[in-house]
Asks: 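Quick one: the structure is below, questions incoming.
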Amino acid sequence: MNIHILTLFPEMFEGILQSSILKKAQEKNAVTINTINFRDFATNKHKTVDDYPYGGGNGMVLKPEPIFYAVESIPNYEKARIIMMTPQGIPYTQKKAEELKKEEHLIFLCGHYEGFDERIREHLVTDELSIGDYVLTGGELAAMVVVDSVVRLLPGVLGNQESAETDSFSSGLLEYPQYTRPEEFRTWKVPEVLLSGHHQKIEEWRKKESIKRTLQRRPDLIQAHQFDAKDQALIKTIKRELNHEN
Ligand code: ADE
């Protein structure tokens, strides 16, 4: 996968791209990630990237030329998903990450302070994504979130140690509680079943805890998920147990 990130603040990406799994993913050639300062594509000598809005009003608007020219300088940009990071975008989810991981070319557009000239949306961008209902100072942090969550899904990036398959959301449910040594800490004991060595019982316990946690914290996920008959029965039982607890 080839990723290009258009930003006025490429230095914001340095730490993220040079650390941990994103760094390793680039070293393993699972992905190339480049930042492009679209100010380099400004057309006047002052390198202006924004201007006052037609019709008046507060704030500045990012001009179309630097962004179009920067995108058009990227090899194979015609084949790329061109993703604008904006709070007006569709809400980003794990499902979208699974979709984007199949692409060969991704281009991210990050605005800062300003809005984008509408012609960028209409004639360049293929996707608009929001990472949540809050407003950041710019699209950079949002682009990092999307890049991070897509790259970790690429083949060969995560080892077994960090497997993506048992993550929260990959099954549509939140992850079950995990424990490690010691067996007892300040009188707090690890659940007996996890020490039993009984694999089937452990799987059942984990499934149940996973559903319980999701029911309590994110009932919206349960509603959205398709369960088989056995799991539906389990959900009913857990709901009954939770009602008795309250
Ligand atoms: N830019 C500013 N806020 C944002 C958000 N919540 N998601 C994506 N891009 C943004």
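Indexing begins at 1, ligand by ligand and atom by atom, following the structure's order. In what follows, every heavy atom counts, from backbone to side chain, and hydrogens, waters and symmetry copies are set aside. In this chain, numbering begins with 1 at the start of the sequence shown. Not measured: the values here are computed from a predicted model.
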Asks: List for me each residue that meets ring pair (Phe, Tyr, Trp, His ring centres under 6.0 Å) alongside Y52, sequence neighbours excluded, and say none if there are none.
Replies: none
Asks: Who else is in the cluster with F185 when I, L, V, M, F, W and Y are joined by side-chain contacts under 4.5 Å?
Replies: W188
Asks: Does one side chain, of S149 or Y92, offer a donor that lies under 3.5 Å from an acceptor on the other?
Replies: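 S149 vs Y92: donor-acceptor pair found between side chains.
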Asks: Using side chain to side chain contact (heavy atoms under 4.5 Å, CB included) as the criterion, list what pairs up with H198, not counting sequence neighbours.
Replies: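 Listed in chain order: S196, Q200, K201.
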Asks: Using a 3.5 Å cut-off on N/O to N/O, what pairs does ligand 1 make with the protein? A line per pair would be great.
Replies:
{"from": "ligand 1", "atom 1": "3 (N)", "to": "L136", "atom 2": "N", "distance (Å)": "3.0"}
{"from": "ligand 1", "atom 1": "6 (N)", "to": "G132", "atom 2": "O", "distance (Å)": "3.1"}
{"from": "ligand 1", "atom 1": "6 (N)", "to": "Y134", "atom 2": "O", "distance (Å)": "2.8"}
{"from": "ligand 1", "atom 1": "7 (N)", "to": "I131", "atom 2": "N", "distance (Å)": "3.0"}
{"from": "ligand 1", "atom 1": "9 (N)", "to": "T86", "atom 2": "N", "distance (Å)": "3.1"}

Asks: Give a yes or no on whether a salt bridge exists between R121 and E118, defined as a side-chain N under 4.0 angstrom from a carboxylate O.
Replies: yes
Asks: Which value, rounded to the nearest 0.5 Å, describes the distance between I33 atom CD1 and Q18 atom CD?
Replies: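 Those atoms lie 9.0 Å apart.
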